[in-house]
Amino acid sequence: MEGMTIPKSLLNEFITLFGDSSKTRIFFAPGRVNLIGEHTDYNGGHVLPCTLSFGTYVITRKRDDDIVKVYSKNFSELGVIQFNLKQLVYEKEDDWANYPKGVIKTFIDSGYKIENGIDMFFYGEIPNGAGLSSSASIELATAVALNNNYNFKIDMITMVKLSQHAENEFIGVNCGIMDQFASGMGKLGKAILLDCNTLEYEYTDIKLDNASIVIANTNKKRGLADSKYNDRREECNRALNQLKDKLNIKSLGDLTEEEFENNKHLILNEIERSRAKHAVYENVRTVKALKALKENDIKEFGRLMNESHISLRDDYEVTGRELDTLVELAWNHEGTIGARMTGAGFGGCTVNIIKNNMISKFIEDVGGRYKDIIGYEPSFYIASIGDGAREISISKEAQEYEV
Ligand code: GLA
């Protein structure tokens, strides 16, 4: 099954770094692509992501001492980074290693005893900073690795929450729960509708008739921490507080479009009003999009995706030249049913629903035009939707995979 094997060469690299491969256990956590429902999760709204079949692998082995050693093939220039279980503090120079470190600390702070250290060899297939949740996949891979190695028996939703907590408190990015939820709870071939207010969720088949999900990467990198992400959260909070003075609501996700229109004058700052408008309308759109998907109305689904992008561009202002160019080129292409940016924005990827018989033409035309306008090429991936974070049995699968 896809995503269930690791190249044997990875195990060999583990051996080179950490001695031998006895008693190793391997885990996998995927990335995600969000179909619709952007910047709604921390506003108490709905999201509709699906889990990708590619993600992050981690080969692990418990140690006898209290040292943790982590290595990422993607950041090989940083070598093995090591820290003590009693000294789990954010260090800028530890770079990517702060993600597993943060998850370990969050587990310990939540009462899960970790006395023995662990060796961890990471390999990620997701491009970093592309809006496909490479960080959430490192967090969930770490979480399932800790859960199984230390035999904690924690349920997946708790691990999702612990991982989000690590990102909020340790990394300092005030993200919502969507990415960790999708990485942990994904299901083969399904999209997940998640109500971020209640954490109620349902899986739905992705039936796109004769079309596919095509992800297009602007190849413009974005760093969440130094982006305007936390600012957007603040702006929404300020808008919410002004509405709360009069309305009995907990989050912007509690409002209908009509309620918002009747009360928007309470938000005095124009920018905050636009941010709140996006949060309310996008939430409603996401629920409509689920209905369209269930009714097999792909045209309507595509229309809602397009509206979502316009709202993210004009009211939420998280797109930028590269994303807008890639989406507008897609909108003008005969193969496109719907197109929008996906993830936090400010760079990263777009998600497109493309007629199957037009995919190659789409890639050629849109890719070529984008390069003419922006000066470098975008990348394209045809999304295949897989299961959430899990342990991979290495005894059989690693052996049969030769590179
Ligand atoms: C990032 C965050 C998510 C979500 C999206 C925007 O991916 O991690 O929680 O807010 O941005 O929808």
Side-chain angles (χ1 to χ4, degrees), residues 29-52 55-56 99 102-103 126-140 160-186 191-197 199 201 215 217-218 221-237 251-253 275-276 278-283 285-286 289 304-305 308-309 311-313 315-320 323 340-351:
R32 62 99 190 93
V33 61
N34 189 22
L35 297 178
I36 193 163
E38 216 64 83
H39 290 278
T40 45
D41 58 354
Y42 54 83
N43 282 311
H46 293 78
V47 291
L48 189 63
C50 46
T51 300
L52 298 168
T56 300
Y99 288 95
V103 174
I126 312 170
N128 296 319
L132 302 176
S133 294
S134 56
S135 5
S137 80
I138 297 176
E139 290 157 3
L140 262 298
V160 163
K161 289 182 186 164
L162 291 170
S163 299
Q164 184 203 7
H165 187 89
E167 177 129 4
N168 292 166
E169 302 302 324
F170 197 82
I171 305 293
V173 176
N174 253 331
C175 66
I177 201 162
M178 167 170 71
D179 302 351
Q180 290 78 9
F181 198 95
S183 182
M185 298 291 290
I192 315 170
L193 181 88
L194 172 66
D195 177 342
C196 300
N197 229 347
L199 285 198
Y201 62 97
I215 298 169
N217 191 345
T218 60
K221 292 266 184 297
R222 148 205 72 86
L224 249 196
D226 38 78
S227 73
K228 302 249 181 277
Y229 186 89
N230 287 351
D231 294 350
R232 292 293 179 278
R233 245 195 120 134
E234 286 292 306
E235 289 158 357
C236 286
N237 269 341
S251 66
L252 294 172
R275 306 297 191 238
H278 167 77
V280 172
Y281 278 67
E282 178 77 354
N283 180 38
R285 256 193 300 275
T286 306
L304 292 162
M305 286 175 75
S308 165
H309 185 84
S311 175
L312 288 156
R313 182 189 68 193
D315 287 329
Y316 221 65
E317 294 183 280
V318 290
T319 56
L323 281 169
R340 57 180 287 276
M341 58 149 271
T342 187
F346 309 106
C349 290
T350 68
V351 56

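The analysis underlying the following values was restricted to heavy atoms, covering all of them including side chains, and did not include hydrogens, waters or symmetry mates. We count ligands from 1, going down the list as the structure has it; atoms in each ligand are counted the same way.
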Numbered atoms of ligand 1 (with element) below 4.0 Å of Tyr229, judged on heavy atoms: 1 (C), 2 (C), 3 (C), 4 (C), 9 (O), 10 (O), 11 (O)
Sub-4.0 Å heavy-atom approach of Glu282 to ligand 1: no
Distance-only N or O hit between ligand 1 and Asp179, under 3.5 Å: yes
Polar side chain donor-acceptor pair, Arg285 to Ser308, under 3.5 angstrom: no
Side-chain touch Asn43/Asn283, heavy atoms, less than 4.5 angstrom: no
Ligand 1 atoms in contact with Tyr42 (distance to a heavy atom under 4.0 Å): 10 (O)
Thr342 side, atom OG1; Asn217 side, atom CG - distance, nearest 0.5 Å: 11.5 Å
Ligand-side contact atoms (ligand 1) for residue partner Asp41, heavy atom cut-off under 4.0 Å: 3 (C), 4 (C), 9 (O), 10 (O)
Sub-4.0 Å atoms of ligand 1 with respect to non-hydrogen atoms of Met178: 4 (C), 5 (C), 12 (O)
Sub-3.5 Å N/O-N/O distance, Thr40 and ligand 1: no
Ligand-side contact atoms (ligand 1) for residue partner Gly176, heavy atom cut-off under 4.0 Å: 9 (O)
Check: Asn34 N/O within less than 3.5 Å of ligand 1 N/O: no
Under-4.0 Å heavy-atom contact with ligand 1, by part of Arg32 that carries it: side chain
Plane angle bin for Tyr316 and His39 - parallel if under 30°, tilted between 30 and 60°, otherwise perpendicular: tilted
N-O pairing of Glu317 and Arg275 below 4.0 Å: yes
Gly343 to Glu38 - nearest heavy-atom pair and separation: N-OE1, 3.0 Å
N or O contact, Cys175 vs ligand 1, cut-off under 3.5 Å: no
Check: Ser133 and Met178 side chains under 4.5 Å, non-hydrogen atoms: no
Inter-residue atom distance Cys50.SG - Leu193.CG, 0.5 Å rounding: 12.0 Å
